[in-house]
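By convention in this document, chain letters (A, B, ...) are assigned in the order of the sequence lines, proteins followed by strands, and residues within each chain are numbered from 1. The model shown is predicted, which means the values in this text are computed figures rather than measured ones.
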Protein chains: 2
Amino acid sequence: MPGRRKWQCRFRENVSRWTVPREVILDLLSRTSKHMSTKDIYASLTSLYPGIGLTTVYRTLELMHRLGFVQKVTAHDGQRRYELKDEGKRNHHHHLICNGCGDIIDYRDFVQEELEFIKKAGEVLTAKHSFLIQDHNIEFLGICEKCRATTRNSE
Amino acid sequence: MPGRRKWQCRFRENVSRWTVPREVILDLLSRTSKHMSTKDIYASLTSLYPGIGLTTVYRTLELMHRLGFVQKVTAHDGQRRYELKDEGKRNHHHHLICNGCGDIIDYRDFVQEELEFIKKAGEVLTAKHSFLIQDHNIEFLGICEKCRATTRNSE
DNA sequence: CTGTGTGCAAAGCATTTGCACTATG
DNA sequence: CATAGTGCAAATGCTTTGCACACAG
């Protein structure tokens, strides 16, 4: 519940109500560092708040995505995944996605270089394509440590 | 049909047969610069090759993805999209994705800076996470020119 | 010939929608 | 109280599977 009041305000600012399902979902997301699918979230929540409906989870996540509170994570597994958006630059990160097991690993390295690159890219793209950049996404695909050990060259 | 023989070999190398559906799909992909969904591809193909089945399109695209011939494009619209993988650095590009209309715009700018950034990132990540990097993906999200003109601050 | 690839129809699942009901502000 | 939000069940729509047949090598 830390920051509950802050969230409450952020919802209000956006003509949205502060409800129990929203609080529970937000609370769960703020406690985990993982990229949860809608189903995951729903499953984790049923114990804490048995009455919640899957539909509500879907709608809440989409709402929070539209409001910019959460980020969709690209998982090529046919499920939508979300994570709370980074607060400031301290927690900014990107993903390593394993082509073997589908695992998603966070990394927070070389942030400075990235910022410079992104900044420059943003300027060029905005100028050239009249595109208003709101966000960016960088991901590396490959094989994680575990899979490298296990798999030799199967599948 | 340019490069048909090359593709034929690439399939053979991978213990896969060179068939009419595969040729037609590959041909279509090499003619377009767009990010086509499986349905798009299927639809475009029915005129050229009426007998083709949706299932075959799905299977062929997944096969070509596994073989590294095509790239999955992140579209947050619940449809799988593919594009032929870039040949060499000349055609390397990334995407601008419009949060308004969902359009995907290619850009090929500041490739040099990107390569440097990616290279450095790759080294660090490989060392730190024992992750074998095979590919990367960079995308910018925002509002495209059209949507900026149309929408003021609705939805 | 042998086994990979294809098409079709039937599942499988994640996500969305319609609607009556509840609870926030 | 007015209306945004919720839950359920039904409907969508993309993707996968099972199977008999076709065709590449």
Side-chain angles (χ1 to χ4, degrees), chain A residues 4-5 7-26 28 35-46 48-67 69-70 72-82 102 155, chain B residues 4-5 7-26 28 35-46 48-67 69-70 72-82 102 155:
Chain A
R4 173 177 14 189
R5 180 148 286 281
W7 284 115
Q8 199 169 342
C9 292
R10 295 188 69 183
F11 272 99
R12 292 250 180 76
E13 283 164 14
N14 287 282
V15 220
S16 299
R17 294 176 181 175
W18 180 247
T19 66
V20 179
R22 288 174 186 184
E23 172 165 359
V24 190
I25 291 172
L26 216 27
L28 173 63
H35 323 82
M36 305 184 82
S37 71
T38 313
K39 282 278 187 76
D40 291 340
I41 295 172
Y42 175 66
S44 305
L45 254 38
T46 43
L48 183 58
Y49 177 14
I52 200 168
L54 222 203
T55 309
T56 300
V57 179
Y58 273 102
R59 284 191 284 225
T60 302
L61 288 167
E62 268 310 292
L63 170 67
M64 299 204 298
H65 177 251
R66 254 187 295 127
L67 299 185
F69 300 175
V70 299
K72 275 186 189 166
V73 179
T74 312
H76 294 281
D77 71 341
Q79 277 190 240
R80 215 167 276 179
R81 286 170 189 281
Y82 298 87
E155 203 202 4
Chain B
R4 173 176 16 192
R5 181 148 284 283
W7 285 115
Q8 199 168 343
C9 292
R10 295 187 70 184
F11 272 98
R12 292 252 179 75
E13 283 164 15
N14 287 282
V15 221
S16 299
R17 293 176 180 173
W18 181 247
T19 66
V20 180
R22 288 174 186 184
E23 172 164 0
V24 191
I25 291 172
L26 218 26
L28 173 64
H35 323 82
M36 306 184 81
S37 71
T38 314
K39 283 279 189 72
D40 291 341
I41 296 173
Y42 175 66
S44 305
L45 254 39
T46 43
L48 182 58
Y49 178 15
I52 201 168
L54 222 204
T55 309
T56 301
V57 179
Y58 273 101
R59 284 192 284 226
T60 302
L61 289 167
E62 268 311 292
L63 170 67
M64 299 203 300
H65 177 250
R66 254 185 297 126
L67 299 184
F69 300 175
V70 299
K72 275 185 190 166
V73 180
T74 312
H76 294 281
D77 71 341
Q79 277 190 240
R80 214 168 275 180
R81 287 169 187 281
Y82 299 88
E155 205 204 3

Given atom [atom1] of [X] and atom [atom2] of [N], what is their separation to the nearest angstrom?
X       : N      : atom1 : atom2 : answer
A:Glu23 : C:dT24 : CD    : C1'   : 14 Å
B:Phe11 : D:dG25 : CZ    : P     : 11 Å
B:Arg66 : C:dG5  : CZ    : P     : 9 Å
B:Leu63 : C:dG5  : CG    : C1'   : 10 Å
A:Arg22 : D:dG7  : CZ    : C1'   : 14 Å
A:Trp18 : D:dG5  : CH2   : P     : 13 Å
A:Ile25 : D:dT6  : CD1   : C1'   : 11 Å
B:Tyr42 : C:dG7  : OH    : C1'   : 9 Å

Distances for protein N or O near nucleotides 12-14 of chain C N or O, under 3.5 Å:
{"unit_1": "C:dA14", "atom_1": "OP2", "unit_2": "A:Lys39", "atom_2": "NZ", "d": "2.3"}

Can you check whether [X] reaches [Y] side chain to side chain, under 4.5 Å on heavy atoms?
X       : Y       : answer
B:Leu61 : B:Met64 : yes
B:Phe11 : B:Thr19 : no
B:Arg66 : B:Asn14 : no

Find the distance between [atom1] ([X]) and [atom2] ([Y]) and round it off to the nearest 0.5 Å.
X       : Y       : atom1 : atom2 : value
B:Thr60 : B:Ile52 : OG1   : CD1   : 6.5 Å
A:Trp7  : A:Ile25 : CH2   : CD1   : 12.5 Å
B:Leu26 : B:Arg4  : CG    : CZ    : 11.0 Å
A:Tyr82 : A:Glu62 : OH    : CD    : 4.0 Å
B:Arg12 : B:Gln8  : CZ    : CD    : 4.5 Å

Worksheet entry | Pairwise 5' ranking along DNA chain C for A:Arg81 and B:Val15, keeping only the more 5' one | B:Val15
Worksheet item: Does B:Tyr49 make a side-chain N or O approach to OP1 or OP2 of C:dG7 shorter than 4.0 Å?
Response: yes
Worksheet item: Taking only side-chain nitrogens and oxygens of A:Thr19, does any of them come within less than 4.0 Å of OP1 or OP2 of C:dT24?
Response: no
Worksheet, complete the sentence: The nucleotide from C:dG25, D:dG5, C:dT15 with an atom nearest the side chain of A:Arg12 is C:dG25
Practice prompt. Looking only at side-chain atoms of B:Ser16, point me to the closest of D:dT15, C:dG5, C:dT6.
Written response: C:dG5
Which heavy atom of [X] sits nearest to which heavy atom of [Y], and what is that distance?
X       : Y       : value
B:Asp77 : B:Arg81 : OD2-NH2, 3.1 Å
B:Arg22 : B:Ser16 : NH1-CB, 3.7 Å
A:Tyr42 : A:Leu54 : CE1-N, 3.4 Å

Fill in: Inter-end axis angle, the helix from C:dC1-D:dG25 to C:dG25-D:dC1, with every axis fitted to five base pairs (rounded, 10 degrees)
50°
Worksheet entry | Residue mapping more 5' on DNA chain D - nearest nucleotide basis, B:Gln8 or B:Leu54 | B:Leu54
Atom pairs under 3.5 Å: protein N/O with N/O of nucleotides 18-23 of chain D:
none

